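Notes follow once the structure below has been shown.
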Amino acid sequence: MKRRPAAVAVRSIVVYIFVLWCIAPIIWLVSTSLKSDVDAFSPTPVWFFIPQFENYVNAWVDGGMGQSMLISTAVGCASAILGITAGLPLAYLTTQIWPPESTGSSRATLAILLLTIVPPVLSLTPFYRALFGVGLTGNAFGLTIIHTFYAILLAVLIFRSFLVNFPREIREAALIDGLGEWRALLSTILPNVWGAMAATFVLALIQSWNEFLYALVLTNGDSQTVPVTIAGFLSFFGTNWARLTAAGVIGALPIVIFAIVVRKHMARGLSFGGVK
Amino acid sequence: MTATAVRAPARRAEKPSSSPRRRISKRNFFARLSLALPAAVVVVPLLAIIVVQGIDLVTHAENLTRPGSADKFIGWGNFTRAFSDPDLLGSIRVTLTYVVAGVGLEMIIGVGIALLLNGRIPGKGVIRAVILIPMVLTPVVAGLMWRLLLDPTSGFVNYLLGVVGLGNDHAFLSDPATALPAIIMVEIWQNTPFVVIIVLAGLESLDPSPFEAAELDGARGFGLLKNVTLPMLGPVLAVVLLLRIIDAVKTFALVNTMTQGGPGTSTLTISNYVYRTGFQTFDIGYSTTLGLIVSVALLILIFPTAGRLMGLRIRRSRG
């Protein structure tokens, strides 16, 4: 579509305003994290200051962010990998073995969709009581189980959207060659879904990293994940904005970088295949 | 190709069992079952926990601070209490306002920006990367960041308002009139990029030929948008809208970090109310009942549409 330069300029300005609206609060967050306590609390913005990196040291060491980063990374990676391991075979079953439009496949997918829609507040107290009963609260194990559950739901929906158009003849050829279903999955499907797998891993990791409700209820002390520790800063340190924002930057940075690096795969995964 | 693809019954699925591979069908059956096993190992026990613990919790007046209350059977007592609970109604109203205003504005702004971005814009690649940041930012961090920006004494928003002469001491989050709009604004800030990114990807994957035909027929500007672009984008918009609603209904972290439901109950969403009941007053029997009522209502409202949309998506992607 050809457009006049003036129209392009107007469109660009509107878009740039939107981008500024998206990014300006983040810039403010980062700049506050580098200020001294006094400057961070100043009623008029302090534009020029010497960066204070001790806020980061404080947050990392005294604030426990170092420990929380370890916990969040472990819970996020474990649940994402387990979710993919469990979700891919189920998606293979419901798209390649059963035709995607068959009753069995539709029912299985609708069940997964139903579990995705159910708000976590339904299962919060049942999971809490059951996990408390077997000593899986107050450490990261119970939370990993719950996050794996949600990672499986995500993985099934994403893999299904990628596999629904995958030619089923390839699997049939593999079976005729004498491969079992698992071998067929590994040798014909797996090499074709690395993109979907990257998207699932990233989205499951972000989902786990950012999840707050279960993390708040199921972990404490040394097992707290990043959001719980950051939220705890508010009550512990009151209005120490410099340290609080430093913790926020530390906690958000890995996810933001990760998301930007793999953004190519994300749109399709995010919409469960709604767009290509 | 369209409607039949979804509604076609399982005929084709039954065929393999009558094929030459029938003699190994029993082994086949177990091989297929084993593909569902890893997921079932996690999902089935958790579902059993929800059902068993859930039934126990909703029929008892269990309060974690009162020993012995777990054995106090009250039948439907939790439900009768819920149906005359003004806070439940209030939290449903807050959540509805949050979802309708938040997601509604996200859709309008997001689709608008995506349409503007679909074409020649200097720096498009950088823009696409930058607008990802609010979307993936940890909601707890987003909530605290905006709490800092909206602070009545040192907040940047008040400074800006002061510069343009609108007063510089608004306590947005402690005034019942502005607390919910402020949180909705953060919801919009955080999730509009999601709409932009998916709608933009949808726009870029549209078949260009209807646009060329329409332009030859003299359609342009809003006529082209209304009669060609938006109808073709329909399925993508429906999926985005649905995903945003599903996510916004569950909102917890923003409210918990910005206002904790206050002042009073003016920003108390459903998730925050259930959390407050279960883990701040420790009334976990009643808390479970609230969660159940809300979940059932939500499923009745959303699930049929969601299922149909999944069908829609399947059909679309084969086209």
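Letters go in sequence order (proteins before strands), and every chain restarts at 1. Only a predicted model underlies this, so the values are computations on that prediction, with no experimental measurement involved.
- Looking only at heavy-atom pairs under 4.5 Å with chain A, the residue among B/Gly162, B/Pro122, B/Gly54 that has the most is B/Pro122.
- A heavy-atom distance below 4.5 Å is not found between the side chains of B/Phe252 and A/Glu211.
- Note that CG of B/Leu46 and CG of A/Leu115 are 10.0 Å apart. Values are rounded to the nearest 0.5 Å.
- Side-chain N or O atoms of A/Asn210 include none that pairs as donor or acceptor with a backbone N or O of B/Pro139 at under 3.5 Å.
- Considering all non-hydrogen atoms of both residues, B/Ile49 and A/Pro126 come closest at CG2-O, 3.6 Å.
- To the nearest 0.5 Å, atoms CG (B/Leu137) and SG (A/Cys22) are separated by 11.5 Å.
- Neither the backbone nor the side chain of B/Ile293 comes within less than 4.5 Å of any heavy atom of chain A.
- The choice from A/Trp21, A/Phe258, A/Trp209, A/Tyr128 that makes the most heavy-atom pairs within less than 4.5 Å of chain B is A/Trp21.
- When each of B/Phe156, B/Tyr159, B/Trp146 is paired with A/Trp28, the ring pair (Phe, Tyr, Trp, His ring centres under 6.0 Å) condition holds for B/Phe156 and for no other.
- Residues A/Leu93 and B/Arg32 meet the side-chain proximity criterion, which asks for heavy atoms closer than 4.5 Å.
- Between the side chains of B/Ser34 and A/Trp182, at least one donor-acceptor pair of N or O atoms lies under 3.5 Å.
- Side-chain atoms of A/Ile23 and B/Ile133, non-hydrogen and from C-beta on, do get closer than 4.5 Å to each other.
- Inter-residue side-chain proximity for B/Leu290 and A/Val121 is flagged as unmet; no heavy-atom pair is nearer than 4.5 Å.
- Side chains of B/Thr138 and A/Phe212 form no contact here, defined as non-hydrogen atoms less than 4.5 Å apart.
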Worksheet item: Are A/Phe18 and B/Ile127 close enough, and set up right, to give a side-chain contact (heavy atoms from CB on, under 4.5 Å), and what steps lead you there?
Response: CA-CA 10 Å; A/Phe18 175 76; B/Ile127 293 172; over 6 Å; no
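- Closest approach of B/Thr257 and A/Ala231 over heavy atoms only: CG2-CB, 4.4 Å.
- Atom CZ of A/Phe132 has 12 or fewer neighbouring heavy atoms from other residues, nucleotides or ligands inside a 6.0 Å radius.
- The line from CG of B/Asn256 to CG of A/Leu216 is 6.0 Å long, rounded to the nearest 0.5 Å.
- A/Leu244 has its side chain within reach of B/Leu144: a pair of non-hydrogen atoms, C-beta onward, lies under 4.5 Å apart.
- For chain B, the option among A/Ala40, A/Pro45, A/Pro120 with the highest count of heavy-atom pairs below 4.5 Å is A/Pro45.
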